[in-house]
Amino acid sequence: MNKILGVFIVIISFLLISPTAEAQKQYTIVLDAGHGGKDPGNLGNGYKEKDIALKVTLKVGEMLSDEKDIKVIYTRKTDVYPNLWKRGEIANKAKADLFVSIHCDSYQPRPEAHGAGTFVLGLRGNKKNFEIAKRENAFIVSEENYKDRYEGFDPNSSESVIGLSLLQEENLDKSLQVASIIQTDFTQKAKRKDRKVKQDNFQVLRETVMPSVLIELGFLTNKEGAFLNSKKGQIKMATSIAKSIKEYINQLKLNTVVTDVLVENTSDVEFKIQIASGKNKIATKSYNFKGLQNVERIKIGSFYKYYYGNTSDYQQVKKSLSKAKQKGYKDAFVIALKNGEKVSVQDAISNQ
């Protein structure tokens, strides 16, 4: 009996790791060239952001299309302006695995400002980050019915911070993951000044429900403008982005094995509350978290996540969520894990 069981385990193990047993998944990447058409973007040194963003985006797509398991969709391939909500709708309808919006930066008060940066969706970062978000969001006021479409979002108001949806929050970790890969390649391979991974309230990212990043290739307001406007510079930045996306997809593959073998999973699902996220490493003492006990800190990329109320009981975690909100953590939300991997809360509830 033990020999039969041993052979069965070996067969199951082989099927789980055998490439022939894996279903071929195609990953859909939506590439968004910022601005376009009636919206030129910034015009630092006389260059047009919309043109540079489009050229780099098309080059990224061309490089990704060489991969059989990657499908590329563009929000625009010509000099047109899709509304910000439309860009997100394209990605959502395609059920994309990743949304990448490509832009160029500008900064008049400090013309010497330079470097490449990558943003993920956040409630709002510091004042400098907000100014970047405000510039990228500004053109929505020219869109038809923008007040209804964007539910009162005011791109010029520092108080216009709208809560993120649960699905967007669940995707934040993957957004940070791909942003970190992109930023590392920008600095180590493309040799650009590191402007770090940052979070802010970009409207185009708010419209998507999958891992999403917004890239600022560099500043057109200084000598970087000539670099980004050149064919050499565009190829260099596009190569860096394409390589980073491929690396992200490879990491997804390592964590995703699809087989024809159904193995019953009896392990417990864990629920916990995310109460905070940031670059500051904070001691998990109750006095640092408004009296909440047993706070857990986990580092993801260059960010620290702070969790509270670990339990396998969904009803219990709802009570913990209520307590966290009462303590002042108004944006706290529930996450779910199975076998240590993050899953959607709805799937976790269904499995229970």
Show the nearest heavy-atom pair for residues Ser240 and Phe186, with the distance to one decimal. OG-CD2, 3.3 Å
Can you give me the closest heavy-atom contact between Glu89 and Lys86, atom names plus distance? OE1-NZ, 3.0 Å
Phe227 ring centre to Lys223 NZ or CZ under 6.0 Å, with the angle to the axis within 45°? no
Going by atom types alone, do Thr311 and Gln316 pair a side-chain donor with an acceptor below 3.5 Å? no
Residues Val345 and Val334: closest non-hydrogen pair is CG2-O, 3.5 Å
Quick check: is Ile245 connected to Val72 through a chain of hydrophobic side chains (ILVMFWY, heavy atoms under 4.5 Å apart)? yes
Report yes if some heavy atom in the side chain of Arg192 is under 4.5 Å from a heavy atom in the side chain of Met237; otherwise report no. yes
Any chance you could lay out the side chain to side chain contact (heavy atoms under 4.5 Å, CB included) test for Thr57 and Tyr74, step after step, and finish with the verdict? CA-CA 8 Å; Thr57 298; Tyr74 302 91; 4.1 Å; yes
Residue pair Leu337 / Ile335, side-chain heavy-atom distance below 4.5 Å: yes
Rounded to the nearest 0.5 Å, how far apart are CD1 of Ile275 and NZ of Lys330? 14.0 Å
Between Phe289 and Tyr306, how do the two ring planes meet: parallel, tilted or perpendicular, split at 30° and 60°? tilted
Could you measure the distance from the OG atom of Ser106 to the CG atom of Leu220? Nearest 0.5 Å is fine. 7.0 Å
Do any N or O atoms from the side chain of Asp79 and from the backbone of Gly37 form a donor-acceptor pair under 3.5 angstrom? yes
In this structure, are over 12 heavy atoms from other groups packed under 6.0 Å from Lys48 atom NZ? no
Cluster link Val178 to Ile249, ILVMFWY, side chain under 4.5 Å: yes
Tell me whether Arg76 is salt-bridged to Asp32, with the criterion being a basic N under 4.0 Å from an acidic carboxylate O. no
Taking a hydrophobic cluster as the set of Ile, Leu, Val, Met, Phe, Trp and Tyr residues connected by side-chain heavy atoms closer than 4.5 Å, whether directly or through intermediates, do Ile70 and Ile215 fall within one such cluster? yes
Salt bridge flag under 4.0 Å for residues Asp69 and Lys253: yes
Can you give me the closest heavy-atom contact between Lys174 and Pro211, atom names plus distance? CB-CG, 3.6 Å
Would you sort out whether Asp185 and Glu247 count as a side chain to side chain contact (heavy atoms under 4.5 Å, CB included), showing the intermediate values? CA-CA 10 Å; Asp185 202 281; Glu247 173 61 25; over 6 Å; no
Point-to-point distance, once rounded to the nearest 0.5 Å, from CG of Asn288 to CD1 of Ile282: 6.5 Å
I'd like to check Ile90 versus Phe99 (side-chain heavy atoms, cut-off strictly below 4.5 Å). Are they in contact? no
Answer yes or no: are there more than 12 heavy-atom neighbours, outside Lys55 itself, under 6.0 Å from its atom NZ? no
Looking at Thr221 and Tyr107, would you say the former's side chain and the latter's main chain have a donor-acceptor pair under 3.5 Å? yes
Less than 4.5 Å apart, side chain to side chain, heavy atoms only: is that true for Leu217 and Ile241? yes
Salt-bridge present (Glu270, Lys338; N to O < 4.0 Å): no
Flag if over 12 foreign heavy atoms under 6.0 Å of CG, Asn294: no
Quick one, Lys77 with Leu58, criterion side chain to side chain contact (heavy atoms under 4.5 Å, CB included). Give me CA distance, side-chain angles, the key distance, then yes/no. CA-CA 7 Å; Lys77 297 180 72 175; Leu58 294 177; 4.3 Å; yes
Does Lys95 reach the main-chain N or O of Asn92 with its side chain, forming a donor-acceptor pair under 3.5 Å? no
Got a second to check how far Lys236's NZ is from Lys189's NZ, nearest 0.5 Å? 12.0 Å
Side chains of Lys272 and Ser320: does their closest heavy-atom pair fall under 4.5 Å? no
Tell me, do Leu31 and Ile73 make a side-chain contact under 4.5 Å, heavy atoms counted? no
Return yes if some donor-acceptor pair links the side-chain N/O of Asp194 with the main-chain N/O of Thr187 below 3.5 Å, else return no. no
Please check: side-chain N/O of Gln183 versus main-chain N/O of Thr118, any donor-acceptor pairing under 3.5 Å? yes
Is there side-chain contact between Lys290 and Tyr329, with heavy atoms separated by less than 4.5 Å? yes
Hey, quick one: are Ile235 and Leu228 part of the same hydrophobic cluster, counting side-chain heavy atoms closer than 4.5 Å, chains of contacts allowed? no
Could you walk me through whether Leu98 and Tyr248 satisfy the side chain to side chain contact (heavy atoms under 4.5 Å, CB included) test, starting with their C-alpha distance in whole Å, then the side-chain angles of each, then the deciding distance to 0.1 Å, before giving a yes or no? CA-CA 10 Å; Leu98 178 65; Tyr248 171 68; 4.1 Å; yes
If you look at every heavy atom in Ile181 and Gln251, which pair is closest and at what distance? CD1-NE2, 3.5 Å
Check whether any side-chain heavy atom of Gln326 lies under 4.5 Å from a side-chain heavy atom of Leu321, and answer yes or no. no
Are Lys59 and Glu62 ion-paired here, with the side-chain N under 4.0 Å from a carboxylate O? no
Could you go step by step and tell me if Arg195 and Glu216 meet the salt bridge (Lys or Arg N to Asp or Glu O under 4.0 Å) rule? CA-CA 9 Å; Arg195 298 192 69 84; Glu216 296 283 1; over 6 Å; no
Value rounded to 0.5 Å, distance of CD in Glu224 from OH in Tyr47: 11.5 Å
Donor-acceptor pair, Arg87 side chain versus Ser101 backbone, under 3.5 Å? no
With a cut-off of 6.0 Å (strictly less than), are more than 12 heavy atoms of other residues, nucleotides or ligands near NZ of Lys325? yes
Heavy atoms of Ser175 and Ser212 approach each other most closely as OG-N, 3.0 Å
Donor-acceptor contact below 3.5 Å, side chain Thr208 vs main chain Leu205: yes
Between Glu67 and Lys246, does any NZ, NE, NH1 or NH2 come within less than 4.0 Å of an OD or OE carboxylate oxygen? yes
Is the side chain of Glu49 donor-acceptor paired with the backbone N or O of Asn42 at a distance under 3.5 Å, no angle test? yes
Kindly compute the distance separating OG1 (Thr284) from CG (Leu292), expressed to the nearest 0.5 Å. 12.0 Å
